[in-house]
Amino acid sequence: MTDTVAAIREAVAAAAPEIRSGLPGRRETAGTENPSGERRLAADEYADELLEERLGRIDGVGAYASEEREGVVDTGEGCAVAVDPLDGSSNLQPNNVMGTIVGVYDAELPASGHDLVAAGYVLYGPITTMAFAREGTVTEYLIDDGESTVLNADVTLPADPTVYGFGGRVPDWPADFAGYVDDVESELKLRYGGAMIGDVNQVLTYGGVFAYPALQSAPEGKLRLQFECNPVGYVIECAGGRSSDGTGSVLDVDPTSLHQRTPVYLGNEALIDRLEAALD
Ligand SMILES: O=P(O)(O)OC[C@H]1O[C@](O)(COP(=O)(O)O)[C@@H](O)[C@@H]1O
Ligand SMILES: [Mg+2]
Ligand SMILES: [Mg+2]
């Protein structure tokens, strides 16, 4: 498993510059919808196909699933990888940040967050970086010129948090969540860019809280458990923070279907504790 996890990390890092360089010509819609009913861009399809090919051929990877396809692809014997090939792809038109998320589950999908053996993400910002968590440690890499270089071998959330970013329209926030926002916005600075990975990486860097909350119109929120919430929750927990679905760790959420959504709250422990108390 150790070698398989290393091979998965290396394959995602190796695919990142290709995904990035494939973006300029793929900003138009593909004319299709993903299983969550969202419009796909040509770039979403491109990144999904590239990652299926690269991850599916690794010895020890037995299943590939992604936000962009209905079912699980059988790729042999071994662990299951669940991928959000391009996170925040609506940021491609305005040329803003995006990411790629990967979760490595030692179980059949849909799986519990407790079945994750590793998870990580690539951030396509002004530079390309990767955060990868395994065995309780998060490592940050710079991906440049086809090479991964370790920037920080033990990433932890800063103790003194400074930023927050919350998704969903403000009038759609439930009253208890809106009350929590009133509370934290007097202490923290708003940083919201509309790509989970960009917003979460600010929290990982500066400390704070990210949420895509339960909405009045969508009690399950927007983000997907297998492809987004579990893997990113795992990274944040390995970095010393907390994840929550509003009641407890997002890793505790019962997996019921591949594309299920869940509210998600991520960040410094004290801020998530306060959030859960506010939602009680
Ligand atoms: O546009 P909104 O409602 O703020 O939603 C933004 C959220 O949706 C997402 O873009 C969904 O991810 P995808 O782009 O992978 O579908 C998240 O990255 C982000 O946190
Ligand atoms: Mg996403
Ligand atoms: Mg996506």
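Order of listing sets the numbers, starting from 1, for every ligand and every atom in it.
Annotation for ligand 1: atoms under 4.0 Å from non-hydrogen atoms of Glu228 are 11 (C), 12 (O), 13 (P), 15 (O). Residue Ser89 approaches ligand 1 through these ligand atoms, each under 4.0 Å from one of its heavy atoms: 14 (O). Remark: ligand 1 atoms within the under-4.0 Å shell around heavy atoms of Asp84 are 15 (O). Within ligand 1, counting atoms from 1 as listed, the ones closer than 4.0 Å to a heavy atom of Met196 are 17 (C), 18 (O), 19 (C), 20 (O). Listed by number with element, the atoms of ligand 1 under 4.0 angstrom from any heavy atom of Tyr192 are 2 (P), 4 (O), 5 (O), 6 (C).
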**Study point:** Test salt bridge (Lys or Arg N to Asp or Glu O under 4.0 Å) applied to Asp273 and Arg242, step by step
**Key:** CA-CA 8 Å; Asp273 289 348; Arg242 279 206 57 205; 2.7 Å; yes
**Study point:** Worked check of side chain to side chain donor-acceptor pair (under 3.5 Å) between Asp154 and Thr137
**Key:** CA-CA 6 Å; Asp154 187 9; Thr137 301; 4.9 Å; no
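When the heavy-atom distances from atom 8 (O) of ligand 1 to Glu67, Lys222, Glu38 are ranked, the shortest goes to Lys222. Closest heavy-atom approach to atom 13 (P) of ligand 1 among the candidates Ala218, Gly88, Gly167: Gly88.
Of the N or O atoms in Ser90, none lie within a sub-3.5 Å distance of an N or O in ligand 1. Checked by distance only, ligand 1 and Ile197 stay at 3.5 Å or farther apart across all their nitrogen or oxygen atoms.
The distance from the Mg ion (ligand 2) to the nearest N/O/S atom of Glu67 is not under 2.8 Å. Within the 2.8 Å limit, Leu86 places at least one N, O or S atom next to the Mg ion (ligand 3).
Screening Glu67, Glu38, Glu220 for a salt bridge (Lys or Arg N to Asp or Glu O under 4.0 Å) involving Arg261 leaves a single residue, Glu38.
Within Asp84, the N/O/S atom positioned nearest the Mg ion (ligand 3) carries the name OD1. Shortest distance from the Mg ion (ligand 2) to Asp87 is reached at OD1 (N/O/S atoms only). Within Glu228, OE2 is the N, O or S atom that lies nearest to the Mg ion (ligand 2).
Residue Leu86 places a heavy atom less than 4.0 Å from ligand 1.
Between Arg39 and Glu33 there is no salt bridge, since no side-chain N of the basic residue sits under 4.0 Å from a carboxylate O of the acidic one. In summary, Arg26 and Glu45 do not engage in a salt bridge, as defined by a charged side-chain N under 4.0 Å from a carboxylate O. Note on Arg274 versus Glu187: salt bridge recorded, some NZ/NE/NH1/NH2 to OD/OE distance being below 4.0 Å.
Side-chain contact of Ser66 with Asp48: a donor-acceptor pair under 3.5 Å is present, judged by distance alone. Of the N and O atoms on the side chains of Tyr121 and Asn201, at least one donor lies less than 3.5 Å from an acceptor on the other residue. Between the side chains of Ser89 and Asp87, not a single donor N or O lies within less than 3.5 Å of an accepting N or O. Side-chain N/O atoms of Tyr124 and Thr100 include a donor and acceptor closer than 3.5 Å.
Scanning the protein heavy atoms around atom 3 (O) of ligand 1, the nearest turns out to be Tyr212 OH, 2.7 Å.
Checked against the 6.0 Å centroid criterion, the rings of Phe177 and Phe166 qualify as a close aromatic pair.
Counting heavy atoms under 4.0 Å from ligand 1, residue Arg224 touches it through the side chain alone. Contacts of Leu223 with ligand 1, taken as heavy-atom pairs under 4.0 Å, involve the side chain alone.
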